[in-house]
Protein chains: 2
Amino acid sequence: MKQVRNTAQRRLVLSIVRGRRDHPTADQIYKQARARDARISCGTVYRNLNFLAAHGDILRLSVPEGPDHFDLRTDDHGHFCCLRCGTVVDAAVDALDGLGVENFGLPGFRVDRISLVLSGICPNCLQSSTENTEVPK
Amino acid sequence: MKQVRNTAQRRLVLSIVRGRRDHPTADQIYKQARARDARISCGTVYRNLNFLAAHGDILRLSVPEGPDHFDLRTDDHGHFCCLRCGTVVDAAVDALDGLGVENFGLPGFRVDRISLVLSGICPNCLQSSTENTEVPK
DNA sequence: GTAACTGCAAACACTTTGCGAAGCA
DNA sequence: TGCTTCGCAAAGTGTTTGCAGTTAC
C-alpha cells in the first residue's frame, strides 16, 4: 500500500476546486493556484487533479470540445456544455434516475461511470447573437 | 451559399465509416484510407470527417480518454467506452427515450445534442484480467 | 531516512491550419 | 476558369512525463 502525502500543493488544488461553484478547467485552476503560490507548476496541478479524481474527491469531465473540466460534485449528474463559450453547468439529476446499468443492453459489461453531456448554446450566447441560429461547426 | 464538391477523398472517407460496424477513430480511418489511396493525407481525413459530421452524415463522439470516435449512426443513442482497451460499442437507445430537453432544468438553454457515455470494462478485458477488479486510473 | 512529491522543461497525442498545387463544377 | 479541396508540413492545444532536487511522515 502506497502511503499518501498531504502536501500544500494538493491541499491548495483541492481547496480551489471546492471553493468554486462552476466547473473550472485545469488551466483555470492552475492560474488561480499561481495567484496563491507563485511557485506551483502546471504539471503539479495536473498530477494533483488526476490524483484527486482517481480518489473520488473530485470529478473529471470531458466535453465534446475543448479541455476537460473539474467538478466538486462527485455524485451522478448531468452537464450542459455551451458549444460557443465552453461554459459548463449542472443539469438536473433526476433525468438519470431509474437508469440502471441493466437498461442499456450491455450484458457482460462492467459499467463504472455514467456521463450525460448535453451540448448547445447557453442563454448568454443565445442573447448576444440573435441573428445566428445555426449549430456551430 | 458555398458549393460543395464531391471529391474522391470525401467519398472514400464516408464509405470507410459506413462500411464498418464499430466506431473507428480518425487514425484508424486514416490508415484504412491509405490502404486504398496511398496519397491521401491525414489533414484531408480530418477535414472530411469534420465536414461529414457537420453535415449530419456521420457522428463525432468524444470519450473520456483517448481520441474521438466516429459513428455511422446519427440518431440519438448511447455509447459504452472501455477504459482499458478503448473500444466503443452502442448502448440501447430506449434508455434515452422520454428524455426531453425540458427534463434537465435548463430553461433558456438551446440543447442541440445529447451524449450519453457509459464507461467501464468490456467483457473481453474483464475476462483477460480476472485478478484486477479495480477501476483503472 | 526514504519514498512520495515537486518544479521544470521537454515530450506526447491528437487535431487543426497555412500554403501553394491540383481538380471538380 | 474559379473556387473548393488536396497534400504536406508545421503549428496548436491540452496533457503527461523524466529527472534531479525537495519534503512530509
Side-chain angles (χ1 to χ4, degrees), chain A residues 1-14 16-17 23-55 57-70 81 83 85-86 88 136-137, chain B residues 1-14 16-17 23-55 57-70 81 83 85-86 88 136-137:
Chain A
M1 183 67 182
K2 195 178 178 182
Q3 74 171 307
V4 166
R5 290 193 188 165
N6 184 21
T7 64
Q9 291 88 340
R10 184 165 299 158
R11 271 180 273 122
L12 175 56
V13 168
L14 181 56
I16 287 174
V17 178
H23 302 74
T25 63
D27 188 61
Q28 293 174 312
I29 295 162
Y30 170 61
K31 286 203 173 66
Q32 198 171 338
R34 286 292 281 218
R36 287 216 246 159
D37 170 3
R39 302 198 20 73
I40 196 170
S41 75
C42 171
T44 295
V45 169
Y46 272 100
R47 269 187 287 237
N48 279 309
L49 286 171
N50 284 340
F51 175 94
L52 293 167
H55 283 246
D57 296 318
I58 62 176
L59 199 76
R60 183 172 195 153
L61 172 72
S62 9
V63 295
E65 273 157 349
D68 286 358
H69 292 246
F70 295 86
C81 176
L83 295 171
C85 67
V88 171
K137 300 198 179 174
Chain B
M1 182 65 183
K2 195 179 178 183
Q3 73 172 311
V4 166
R5 290 196 188 163
N6 184 21
T7 64
Q9 292 88 340
R10 184 165 298 158
R11 273 180 272 122
L12 175 57
V13 168
L14 181 56
I16 286 174
V17 177
H23 302 73
T25 62
D27 188 61
Q28 293 175 312
I29 294 162
Y30 170 61
K31 285 203 174 66
Q32 197 172 338
R34 285 293 279 217
R36 286 217 245 161
D37 170 3
R39 302 197 21 74
I40 197 171
S41 75
C42 171
T44 295
V45 169
Y46 272 101
R47 267 187 286 237
N48 279 308
L49 287 171
N50 284 340
F51 175 95
L52 294 167
H55 282 246
D57 296 318
I58 62 175
L59 198 77
R60 184 173 194 154
L61 173 71
S62 11
V63 294
E65 273 157 350
D68 287 358
H69 292 246
F70 294 86
C81 176
L83 295 171
C85 68
V88 171
K137 298 194 180 177

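What you are looking at is a predicted structure, and each value in this text was computed from that prediction instead of being measured. Each chain gets a letter, A, B and so on, in the order its sequence line appears, and its residues count up from 1.
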Sorted by chain and residue number, the side-chain contact (heavy atoms from CB on, under 4.5 Å) partners of B:Cys85 (sequence neighbours excluded) come out as B:Cys82, B:Thr87, B:Cys122, B:Cys125
By side-chain contact (heavy atoms from CB on, under 4.5 Å) - contacts of A:Pro64 (at least two apart): A:Val117, A:Ser119, B:Ser62
Counting distance only, does the side-chain N/O of [X] pair as donor-acceptor with the main-chain N or O of [Y] below 3.5 Å?
X: A:Arg60; Y: A:Asp68; answer: no
X: A:His23; Y: A:Val88; answer: yes
X: A:Gln32; Y: A:Ile29; answer: no

Of B:Ala38 and B:Lys2, the one whose nearest nucleotide on DNA chain D sits closer to the 5' end is B:Lys2
Can you tell me if [X] touches the phosphate of [N], counting only side-chain N or O atoms and a distance under 4.0 Å to OP1 or OP2?
X: B:Gln3; N: D:dT5; value: no
X: A:Thr44; N: C:dG7; value: yes
X: B:Arg10; N: D:dT5; value: yes
X: A:Arg5; N: D:dT22; value: no
X: A:Thr7; N: C:dT6; value: yes

I need the [atom1]-[atom2] distance between [X] and [N], as an integer number of Å.
X: A:Phe51; N: D:dT16; atom1: CZ; atom2: C1'; value: 17 Å
X: A:Arg11; N: D:dC25; atom1: CZ; atom2: C1'; value: 13 Å
X: B:Leu49; N: C:dT17; atom1: CG; atom2: C1'; value: 16 Å
X: A:Leu12; N: D:dA24; atom1: CG; atom2: C1'; value: 17 Å
X: B:Ile40; N: D:dT5; atom1: CD1; atom2: P; value: 14 Å

Pick out the pairs of N or O atoms, protein on one side and nucleotides 18-21 of chain D on the other, that lie under 3.5 Å.
from	atom 1	to	atom 2	distance (Å)
D:dG18	O6	A:Arg47	NH1	3.3

When rounded to the nearest 0.5 angstrom, what is the spacing between OG1 in A:Thr44 and CG in A:Leu12? 11.0 Å
For the atom pair CD (A:Glu65) and SG (A:Cys81), what is the distance rounded to the nearest 0.5 Å? 8.0 Å
I want to verify a distance call: between D:dT23, D:dT5, D:dC6, whose nearest atom is closest to the B:Asn48 side chain? D:dC6
Taking only the side-chain heavy atoms of B:Gln9 (C-beta and beyond), determine which of C:dA25, C:dC5, D:dG7 contains the nearest atom. D:dG7
Listing request: all salt bridge (charged side-chain N to carboxylate O under 4.0 Å, His left out) pairs with a residue in residues 23-48 of chain B, at least two apart in sequence or in separate chains. B:Asp27-B:Lys31
Write down the protein N/O and nucleotide N/O pairs, taken from nucleotides 11-15 of chain C, whose separation is under 3.5 Å; answer none if there are no such pairs.
from	atom 1	to	atom 2	distance (Å)
C:dT15	OP1	B:Asp68	N	3.1
C:dT15	OP2	B:Tyr46	OH	2.4
C:dT15	O5'	B:Tyr46	OH	3.4

Results of salt bridge (charged side-chain N to carboxylate O under 4.0 Å, His left out) for B:Asp57 - residues two or more places apart only: none
